[in-house]
Protein chains: 2
Amino acid sequence: MTEARDRLSSPAAPYGSRRMSSARRAIAETAALMDGAFTAESLHDRVVASRPGIGLATVYRAVAAMADAGYLARVGERDGAALYAVCGHDGHHHHAVCERCGAVTPVECAFVPSALPAGFAMTRHEVAIYGVCAECQGSERGGSR
Amino acid sequence: MTEARDRLSSPAAPYGSRRMSSARRAIAETAALMDGAFTAESLHDRVVASRPGIGLATVYRAVAAMADAGYLARVGERDGAALYAVCGHDGHHHHAVCERCGAVTPVECAFVPSALPAGFAMTRHEVAIYGVCAECQGSERGGSR
DNA sequence: CCGTGAAGTGAGAACCGCTCTCAGTTGGAG
DNA sequence: CTCCAACTGAGAGCGGTTCTCACTTCACGG
Ligand SMILES: [Zn+2]
Ligand SMILES: [Zn+2]
Ligand SMILES: [Zn+2]
Ligand SMILES: [Zn+2]
């Protein structure tokens with residue numbers, strides 16, 4: 001919890017320069033506690049457990065703001081729902097997601113412009129990597145995240 | 001049109017080994033004529049123009065079957081809708097999509113396993129590349145695809 | 001300290017891409 | 001030709017996400 005608070009008070013605020021409300025604080029703190037990937041809905045479930053009354057729409061809005069500010073990253077999707085994770089790393093990179101336990105690990109971007117068609121000006125790219133992490137391979141049953 | 005027919009009668013049938021109905025033939029032929037990326041709905045629009053009465057669900061089912069058979073590839077998304085394109089190339093690769101005209105070009109996969117976290121067993125990955133193709137950069141107004 | 005206005009919130013409706021259901025049709029094996 | 005599993009069209013349904021609107025709350029200036 002102190003760890004979460006530390007991260008929240010660090011230079012890059014979760015919401016950039018926007019206004020901070022008590023709901024947003026609770027949502028950002030809960031996000032920091034989720035280790036591994038989460039959906040907006042699963043984050044909402046957990047936020048509500050400790051702060052009843054927070055609406056789903058508010059969580060969606062907070063997640064969008066945090067992703068916008070670079071505090072969260074979209075790391076893939078599961079059953080049609082977007083997966084997010086707290087991303088403290090700088091620079092461009094992607095994320096590997098364990099489909100068993102949800103653990104997220106940063107992955108260096110392997111993109112080389114020379115592989116692109118001649119003259120193509122890339123504006124954006126998305127990479128999602130799914131698999132099973134080392135820990136989950138070791139144990140029969142999945143992890144607990 | 002003959003070109004489309006040729007491709008359809010080539011070794012790899014659009015639907016694999018499934019049954020071929022008149023609706024599916026029309027859908028596959030229309031898909032072959034779309035050059036560039038398309039959504040299920042835009043394909044449906046175009047199929048209906050020449051073959052009224054074909055339902056949207058049928059197009060969704062046909063697209064799923066063709067993607068399953070490897071005849072179509074999912075190349076990205078636009079406004080929340082999946083983008084597909086005819087993909088005649090063999091082997092693992094990805095696609096660059098022009099956001100202006102929809103042109104799709106195959107891109108070699110630049111993925112190196114060494115970039116992954118140690119012990120992580122990747123089962124799957126998705127890559128979507130967006131940008132502006134050389135042709136569209138040359139002309140002020142966008143292309144016509 | 002208050003007053004004020006913009007930003008944020010909660011509830012629920014709305015949206016939209018997609019899938020499912022069901023009764024009717026059709027392709028193709030035999 | 002017969003027969004049935006695969007396929008089809010229409011529309012209902014689903015689920016994640018966004019929108020609307022009346023209300024609250026934060027941050028700031030006075
Ligand atoms: Zn990261
Ligand atoms: Zn990258
Ligand atoms: Zn291709
Ligand atoms: Zn690849």
Side-chain angles (χ1 to χ4, degrees), chain A residues 8-9 13-31 37-69 71-72 74-85 126 128, chain B residues 8-9 13-31 37-69 71-72 74-85 126 128:
Chain A
L8 292 178
S9 56
Y15 299 100
S17 55
R18 296 164 197 247
R19 219 165 83 186
M20 177 62 77
S21 68
S22 110
R24 290 200 165 178
R25 193 162 8 247
I27 294 168
E29 280 177 18
T30 306
F38 54 86
T39 63
E41 193 173 4
S42 69
L43 176 57
H44 177 244
D45 288 348
R46 224 158 127 174
V47 168
V48 161
S50 62
R51 265 287 311 261
I54 301 236
L56 181 54
T58 298
V59 171
Y60 270 102
R61 286 182 288 229
V63 164
M66 288 189 285
D68 207 54
Y71 181 70
L72 295 186
R74 234 203 118 160
V75 297
E77 63 183 66
R78 182 162 56 207
D79 301 328
L83 284 178
Y84 294 89
E126 285 159 19
Chain B
L8 293 179
S9 56
Y15 298 102
S17 56
R18 297 163 197 249
R19 215 165 86 185
M20 177 62 77
S21 67
S22 111
R24 289 199 168 180
R25 194 164 5 251
I27 294 167
E29 280 176 18
T30 307
F38 55 87
T39 63
E41 193 173 4
S42 69
L43 177 57
H44 176 246
D45 288 347
R46 219 153 132 176
V47 167
V48 161
S50 62
R51 265 288 312 264
I54 301 233
L56 181 55
T58 298
V59 171
Y60 269 104
R61 287 183 286 231
V63 164
M66 289 189 284
D68 207 53
Y71 180 70
L72 294 186
R74 231 200 120 162
V75 298
E77 64 183 65
R78 184 163 54 208
D79 301 330
L83 284 177
Y84 295 89
E126 285 159 19

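Residue numbering restarts at 1 for every chain, and letters A, B, ... go by the order of the sequence lines. Computed from a predicted model, the values in this text were never measured in an experiment.
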Separation of dG17(C) P from E77(A) CD (nearest whole Å): 15 Å
Interatomic distance where CG belongs to D68(B) and C1' belongs to dC7(D) [whole Å]: 16 Å
Separation of dC15(C) P from E41(B) CD (nearest whole Å): 15 Å
Using a 4.0 Å heavy-atom cut-off, does A40(B) contact any base of the nucleic acid, only the sugar-phosphate backbone, or nothing at all? nothing
Pairs meeting criterion salt bridge (Lys or Arg N to Asp or Glu O under 4.0 Å) with involvement of residues 51-64 of chain A, two or more places apart: none
Taking atom C1' of dA5(D) as reference, at what distance in whole Å does atom CZ of R24(B) sit? 13 Å
Would you mind telling me which residue lines up with the more 5' stretch of DNA chain C, M20(B) or R51(A), judged by nearest nucleotide? R51(A)
Would you compute the distance between atom OG1 of T30(B) and atom CG of D45(B) and round it to the nearest 0.5 angstrom? 11.5 Å
Toward the 5' end of DNA chain C, by each residue's nearest nucleotide, S21(B) or D79(B): D79(B)
Heavy-atom check, side chain of Y15(A) versus side chain of I27(A), under 4.5 Å: yes
For atom CD1 of I54(B) and atom P of dG11(D), their distance in whole Å: 16 Å
Looking only at non-hydrogen atoms, find the nearest pair between R24(A) and R19(A) and report the distance. NH1-O, 3.9 Å
Gap between atoms NE2 and P, on H44(B) and dT19(C) respectively (whole Å): 15 Å
Have a look at T39(A) and say if it touches a base, only the backbone sugar-phosphate, or nothing, with a 4.0 Å heavy-atom cut-off. nothing
Look only at the side chain of H44(A) and the backbone of I54(A), and say whether a donor-acceptor pair between them is shorter than 3.5 Å. yes
I27(A) CD1 - dG10(C) C1' separation (whole Å): 11 Å
Taking DNA chain C as the partner, which of residues 56-66 of chain B come within under 4.0 angstrom of it by heavy atom? A57(B), Y60(B), R61(B)
Calculate the interatomic distance between Y15(A) atom OH and dT25(D) atom P; express it in whole Å. 17 Å
Mind checking whether L83(B) and F38(B) have side chains closer than 4.5 Å, heavy atoms only? no
With a sphere of 6.0 Å drawn around CZ of R78(A), does it hold more than 12 non-hydrogen atoms of other residues, nucleotides or ligands? no
Can you check whether any acceptor in the base of dA6(C) is under 3.5 Å from a donor in the side chain of R19(A), or vice versa? yes
